[in-house]
Amino acid sequence: MNYWLLKSEPDTFGIANLEAMPGQTEHWDGIRNYQARNFMRDGMRVGDLAFFYHSNCPAPGIVGIMEIVREAYPDFTALDPESKYYDPKCTEDANRWCMADVRLKKIFPRTISLAELKSEAALADMLVLRKGNRLSITPVSPSEWDHILSML
DNA sequence: GCCAACGTTGGC
DNA sequence: GCCAACGTTGGC
């Protein structure tokens with residue numbers, strides 16, 4: 001069982017959008033970075049838990065928890081010319097991108113802000129806090145996971 | 001809107 | 001395989 005942190009822009013798809021989906025479940029699509037894809041494809045398993053992180057917004061931070069309910073499968077948005085995630089180099093037989101399905105598990109009573117996360121010595125090694133990090137999927141260690149939950 | 005950091009592309 | 005140019009991310 002692994003822990004993750006998944007970023008999404010609330011203007012595009014925030015935790016409230018996930019809450020509103022049937023079964024509070026949705027596919028996590030649009031990964032267009034190899035490192036992030038590899039984390040998803042090679043590491044993410046059903047039953048894993050992930051923080052929902054709001055990025056590129058007035059109050060960036062962790063807003064809740066999701067559970068992985070389906071492991072990596074081909075990201076069909078890469079084949080759809082109408083999608084903003086369309087990748088002309090992908091075909092049905094050679095789709096280099098994948099998505100996973102997530103289900104909302106918990107919305108935190110408050111946002112754990114990026115500033116708070118940065119101020120915690122116990123989280124100094126978190127990938128997502130590294131300067132210039134742009135990965136939309138990063139692994140979270142069990143101790144980091146527990147520490148963040150203790151901040152609520 | 002600015003800009004630093006980083007990934008990808010493509011010419012050579 | 002190098003590397004400059006370009007596009008994107010994301011905090012501020």
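Every heavy atom of this structure was used, including side-chain atoms; hydrogens, water molecules and symmetry mates were not. All values reported here derive from a predicted model rather than from experimental measurement.
- Relative to the side chain of A/E9, the nucleotides C/dC12, C/dG10, B/dC6 differ in distance, and C/dG10 lies closest.
- Residue A/L114 has its side chain nearest to C/dC12 when only C/dG10, B/dT9, C/dC12 are considered.
- A salt bridge between A/R32 and A/D75 is present, with a side-chain N of the basic residue lying under 4.0 Å from a carboxylate O of the acidic one.
- Residue A/F51 is tested with A/V128, A/V63, A/I148 for a side-chain contact (heavy atoms from CB on, under 4.5 Å); the sole match is A/I148.
- Between the NZ atom of A/K7 and the P atom of C/dG10 there is a distance of 4 Å, given to the nearest Å.
- Rounding to whole angstrom units, CG of residue A/L127 and C1' of B/dA5 are separated by 15 Å.
- In this structure, the CG atom of A/N33 is 11 Å from the P atom of B/dT9, given to the nearest Å.
- Close to C/dT9, at under 4.0 Å from its OP1 or OP2, lies no side-chain N or O of A/Y53.
- Distance from the side chain of A/Y34 is smallest for B/dT8 among the nucleotides B/dT9, B/dT8, B/dG7.
- No donor-acceptor contact under 3.5 angstrom links the side chains of A/D101 and A/W28, judged on distance only.
- Protein atom CZ of A/R32 is 15 Å distant from nucleotide atom P of C/dG10, rounded to whole Å.
- What separates CG of A/D87 from C1' of B/dG7 is a distance of 14 Å, to the nearest Å.
- Taking every side-chain heavy atom of A/K89 into account, B/dG10 is the closest of B/dG7, B/dG10, C/dG10.
- Note: CG (A/N56) to P (B/dC6) measures 17 Å, nearest angstrom.
- Taking atom OH of residue A/Y85 and atom P of nucleotide C/dG7, one finds them 19 Å apart after rounding to whole Å.
- Computed from coordinates, the A/R130 CZ to C/dG10 P distance equals 16 Å when rounded to whole Å.
- Side-chain atoms of A/S113 and A/T111 include no donor-acceptor pair closer than 3.5 Å.
- In this model, no donor atom of one side chain and acceptor atom of the other lie less than 3.5 Å apart for A/D80 and A/Y85.
- Among the nucleotides B/dG7, B/dA4, C/dG11, the one closest to the side chain of A/K131 is B/dA4.
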